[in-house]
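When reading the values below, keep in mind they use all heavy atoms of this one structure, side chains included, and skip hydrogens, waters and symmetry mates. Lettering follows sequence order; numbering is per chain, from 1.
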Number of protein chains: 2
Amino acid sequence: MTRHSREDIIEAAGRLFAERGYDGTSMRDLGKELGLLGSSIYSHISGKQELLVAVVDQGAELFQASVERAMQAEGSSRDRLTTFVAGHVDVVLDHGEVSRTFLNEARSLEPKYRKPILAARDRYEAGLRTILSDGSGDGSFRADLNPTVAGIFVLSVLNAIDRWYRSDGALDRAALVAALSAFISDGIS
Amino acid sequence: MTRHSREDIIEAAGRLFAERGYDGTSMRDLGKELGLLGSSIYSHISGKQELLVAVVDQGAELFQASVERAMQAEGSSRDRLTTFVAGHVDVVLDHGEVSRTFLNEARSLEPKYRKPILAARDRYEAGLRTILSDGSGDGSFRADLNPTVAGIFVLSVLNAIDRWYRSDGALDRAALVAALSAFISDGIS
DNA sequence: CCTACCGATCGGTAGG
DNA sequence: CCTACCGATCGGTAGG
């Protein structure tokens with residue numbers, strides 16, 4: 001007779017956290033979203049923080065799997081960068097609520113849960129830095145590239161996608177990846 | 001005998017809103033920051049929302065003044081873009097709490113206050129688009145540049161600065177502007 | 001700017 | 001999963 005699974009609840013939580021923020025989402029809001037009382041949620045989970053941890057962990061896993069695929073991709077460093085960009089776009093477009101919560105709500109994690117998430121972000125960035133650094137060495141990119149700073153800039157552009165991109169707009173997914181890759185590679189010149 | 005001015009209170013509010021978010025900041029938190037009771041703040045302002053409006057309005061004005069200076073700058077479109085980037089950096093570094101609140105907490109504005117803020121952002125973006133479009137026409141930038149998409153990418157990089165830049169790090173302000181300008185102009189190639 | 005509150009809402013629990 | 005709560009905290013007010 002259980003009407004909702006743990007997964008249902010985590011998914012709905014991700015939706016509300018992405019829209020209203022963790023602090024802006026009450027357990028009663030979440031209950032309403034699911035069609036039950038806020039207090040009833042506690043038969044499935046032990047606390048609100050657990051929901052945030054679950055959503056953010058999903059985000060960490062998605063991005064981690066994506067960067068690993070990019071680093072193992074065939075071809076040049078430039079190809080691996082393209083794979084990285086396309087993989088990031090896939091995560092953001094296919095798991096928008098999870099990735100928004102991952103990117104914007106980590107500050108609401110209690111310290112013990114926040115630390116491994118920051119570490120996961122560092123690994124993601126480190127993968128990108130490796131691609132950039134390799135490409136700088138083998139002539140794919142500028143020889144004087146600073147991989148740390150360039151990595152930050154690339155992620156700045158990628159992490160902002162959910163703030164403006166709408167799938168019903170002028171750019172489809174392939175055009176988005178192409179526009180991103182062009183800007184990252186050549187800027188506006 | 002008034003110990004705090006309205007400006008003091010708005011400044012402290014901006015600090016806490018930037019750090020903890022609007023929903024994560026209580027009037028009692030703000031009182032503690034100022035050395036008085038939460039209820040005492042109401043002798044200076046009429047509500048919490050008014051504080052957010054005041055902070056966000058400051059942000060809108062700062063960015064608006066900056067884009068106007070950039071558009072009136074002497075020289076080529078490329079010079080105006082450099083001025084735009086440097087001006088944005090100045091706002092973010094000199095008014096970090098205000099700009100973070102402006103960028104991240106606008107969703108907590110009640111609809112009637114949110115609308116003019118979104119309009120202010122649109123004007124800021126429109127100024128940038130004009131610079132990009134002019135530069136695409138006069139040969140400063142690529143002829144096939146899409147000013148809308150390029151503008152979004154440029155602002156993505158600029159709006160992320162406060163998420164990573166620390167003034168005690170390896171880059172000083174001039175080096176930051178130079179790195180941003182190089183990435184925006186030429187990407188990583 | 002404080003004292004002394006108000007009703008509403010918060011995350012969460014006991015018991016069924 | 002609901003009923004019926006709990007103590008804590010929220011934004012805010014009356015009166016001084």
Can you measure B:Asp23 atom CG to C:dC10 atom P for me and round it to whole angstrom units? 11 Å
OP1 or OP2 of C:dT9 sitting under 4.0 Å from any side-chain N/O of A:Ser26? no
Check: A:Ser156/B:Arg163 side-chain N/O donor and acceptor closer than 3.5 Å: no
So what does B:Ser43 touch, heavy atoms closer than 4.0 Å: a base, only the sugar-phosphate, or nothing? base
Watson-Crick and G-U pairing of DNA chain D, under 3.5 Å, as dot-bracket with | and [ ]: ||||||||||||||||
Mind checking whether A:Leu37 and A:Leu16 sit in one hydrophobic cluster, side chains of I, L, V, M, F, W, Y counted as touching below 4.5 Å? no
B:Leu145 and A:Trp164: same hydrophobic cluster, using ILVMFWY side-chain contacts below 4.5 Å? yes
Round to a whole Å and report the spacing from NZ of B:Lys48 to P of C:dA8. 19 Å
Expressed in angstrom and rounded to an integer, what is the separation of B:Asp29 atom CG from D:dT9 atom P? 11 Å
Salt bridge (charged side-chain N to carboxylate O under 4.0 Å, His left out) partners for B:Asp122, two or more places apart: none
Drop me the distance from A:Ser76's OG to A:Phe141's CZ, to the nearest 0.5 angstrom. 7.0 Å
Under the rule for side-chain contact (heavy atoms from CB on, under 4.5 Å), what residues qualify as partners of B:Arg100, not counting sequence neighbours? B:Ala18, B:Asn104, B:Asp162
Whole-Å distance, A:Leu30 CG to D:dC1 P, equals 12 Å
Tell me the interatomic distance from B:His44, atom NE2, to D:dG12, atom P, rounded to whole angstroms. 16 Å
Does B:Arg28 make a side-chain N or O approach to OP1 or OP2 of D:dT9 shorter than 4.0 Å? no
Distance check needed: D:dC2 P versus A:Lys32 NZ, whole Å only. 14 Å
Among residues at least two apart in sequence or on other chains, which ones pass salt bridge (charged side-chain N to carboxylate O under 4.0 Å, His left out) with B:Glu50? B:Arg6
Nearest-Å distance for atom pair CE/P, residues B:Met27 and D:dT13: 10 Å
Atom-pair distance (CD1 on B:Ile9; C1' on C:dC1), nearest Å: 11 Å
B:Phe102 six-ring centre to B:Arg121 NZ/CZ under 6.0 Å and within 45° of normal: yes
For A:Asp186, side-chain contact (heavy atoms from CB on, under 4.5 Å) partners two or more places apart: B:Ser189
Sub-4.0 Å heavy-atom contacts from residues 35-42 of chain A onto DNA chain C, ordered by number: A:Ser39, A:Tyr42
